[in-house]
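So the structure is just underneath, and the comments pick up after that.
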Amino acid sequence: DVKVTQSSRYLVKRTGEKVFLECVQDMDHENMFWYRQDPGLGLRLIYFSYDVKMKEKGDIPEGYSVSREKKERFSLILESASTNQTSMYLCASRKLMGPGGSPLHFGNGTRLTVT
Amino acid sequence: GQQLNQSPQSMFIQEGEDVSMNCTSSSIFNTWLWYKQEPGEGPVLLIALYKAGELTSNGRLTAQFGITRKDSFLNISASIPSDVGIYFCAGPSGTYKYIFGTGTRLKVLA
């Protein structure tokens with residue numbers, strides 16, 4: 001079974017702090033993604049990485065950056081946390097195979113609260 | 001962002017009943033995915049569909065890829081209390097992006 005592990009289930013941070021969210025997958029997947037999920041807005045793509053050291057902006061990249069130094073690990077960084085970044089953050093990965101790729105597999109999520 | 005239309009938005013059913021939900025798109029998809037998400041958890045993949053007309057089962061769950069390629073259906077037979085959660089569909093939009101459904105919230109009354 002694919003396992004996508006997010007390092008923290010719950011985080012509480014103060015406004016202005018630098019925040020690191022870590023995600024590790026164990027299935028040698030090329031593609032990794034960071035989403036945030038908010039009520040009424042669904043899942044929104046922040047950043048994705050199609051391979052090691054590669055990254056692309058998603059639909060809402062402002063205020064975020066990412067790092068992918070190793071294939072299995074994809075980190076989301078909030079440079080200076082703000083209260084509007086309070087959200088559920090979901091990491092996902094997939095194996096790229098053909099048009100559309102294989103299914104996304106999600107981690108358990110990190111509930112981030114910025115006070 | 002763009003979302004797929006799912007219906008119904010929510011369902012309250014009795015344990016043992018069958019459940020049907022669907023997902024529609026304005027554009028053609030070559031893949032349909034169905035996920036379940038429980039409160040405070042990440043979405044879990046239930047079924048992946050890759051071919052128009054395909055019918056795939058996973059235990060009490062059955063999903064179908066519509067022949068128009070613009071819709072998909074998920075059925076749950078003989079529901080049980082642990083079926084509670086939000087079910088949503090997803091389809092690829094380009095090489096790396098996905099569009100997600102608005103979700104169907106299921107509650108099962110014992």
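This structure is a prediction, so every number in the text was calculated from the model and none was measured.
Checking side-chain atoms of Arg9(A) against main-chain N and O of Glu41(B) turns up no donor-acceptor pair under 3.5 Å.
Residues His105(A) and Val44(B) form no side-chain contact, since every pair of their non-hydrogen atoms from C-beta on lies 4.5 Å or further apart. Looking only at side-chain heavy atoms (C-beta outward), Leu104(A) and Phe100(B) come within less than 4.5 Å of each other. Between Leu90(A) and Gln37(B) there is a side-chain heavy-atom pair separated by less than 4.5 Å. Proximity of Tyr50(B) to Pro103(A): side-chain heavy atoms (C-beta onward) are separated by under 4.5 Å at one or more points. Counting heavy atoms from C-beta outward, Tyr96(B) and Leu45(A) have side chains that stay 4.5 Å or more apart.
Rounded to the nearest 0.5 angstrom, Lys97(B) NZ and Phe33(A) CZ are separated by 10.5 Å. How far OH of Tyr35(A) is from OH of Tyr98(B): 7.0 Å, rounded to the nearest 0.5 Å. Between Leu45(B) atom CG and Arg94(A) atom CZ the span is 13.0 Å, to the nearest 0.5 Å.
Counting non-hydrogen atoms of neighbouring residues, nucleotides and ligands closer than 6.0 angstrom, the CD atom of Gln14(B) exceeds 12 such neighbours. Within 6.0 Å of the CD1 atom in Ile28(B), the count of heavy atoms belonging to other residues, nucleotides or ligands exceeds 12.
Contacts with chain A were tallied for Pro43(B), Gly40(B), Gly103(B); Pro43(B) has the most, counting heavy-atom pairs under 4.5 Å.
The contact between Gln37(A) and chain B is made entirely by side chain atoms (from C-beta outward), counting heavy-atom distances below 4.5 Å. Interface remark: Tyr35(B) contributes side-chain atoms only to the contact with chain A (heavy atom separation under 4.5 Å). Proximity to chain B (any heavy atom under 4.5 Å) is shown, for Asn108(A), by both the backbone and the side chain.
Follow the hydrophobic side-chain contacts under 4.5 Å out from Leu106(B) and you reach Leu4(B) in the same cluster. When hydrophobic clusters are built by joining Ile, Leu, Val, Met, Phe, Trp and Tyr residues whose side-chain heavy atoms come closer than 4.5 Å, directly or via intermediates, Ile99(B) is grouped together with Leu74(B). In the hydrophobic clustering of ILVMFWY residues, with side-chain heavy atoms under 4.5 Å counting as a link, Leu61(B) and Trp34(B) come out together. When the side chains of ILVMFWY residues are joined at heavy-atom separations under 4.5 Å, either directly or via intervening members, Val66(A) and Ile77(A) end up in two distinct hydrophobic clusters. In the hydrophobic clustering of ILVMFWY residues, with side-chain heavy atoms under 4.5 Å counting as a link, Leu33(B) and Phe73(B) come out apart.
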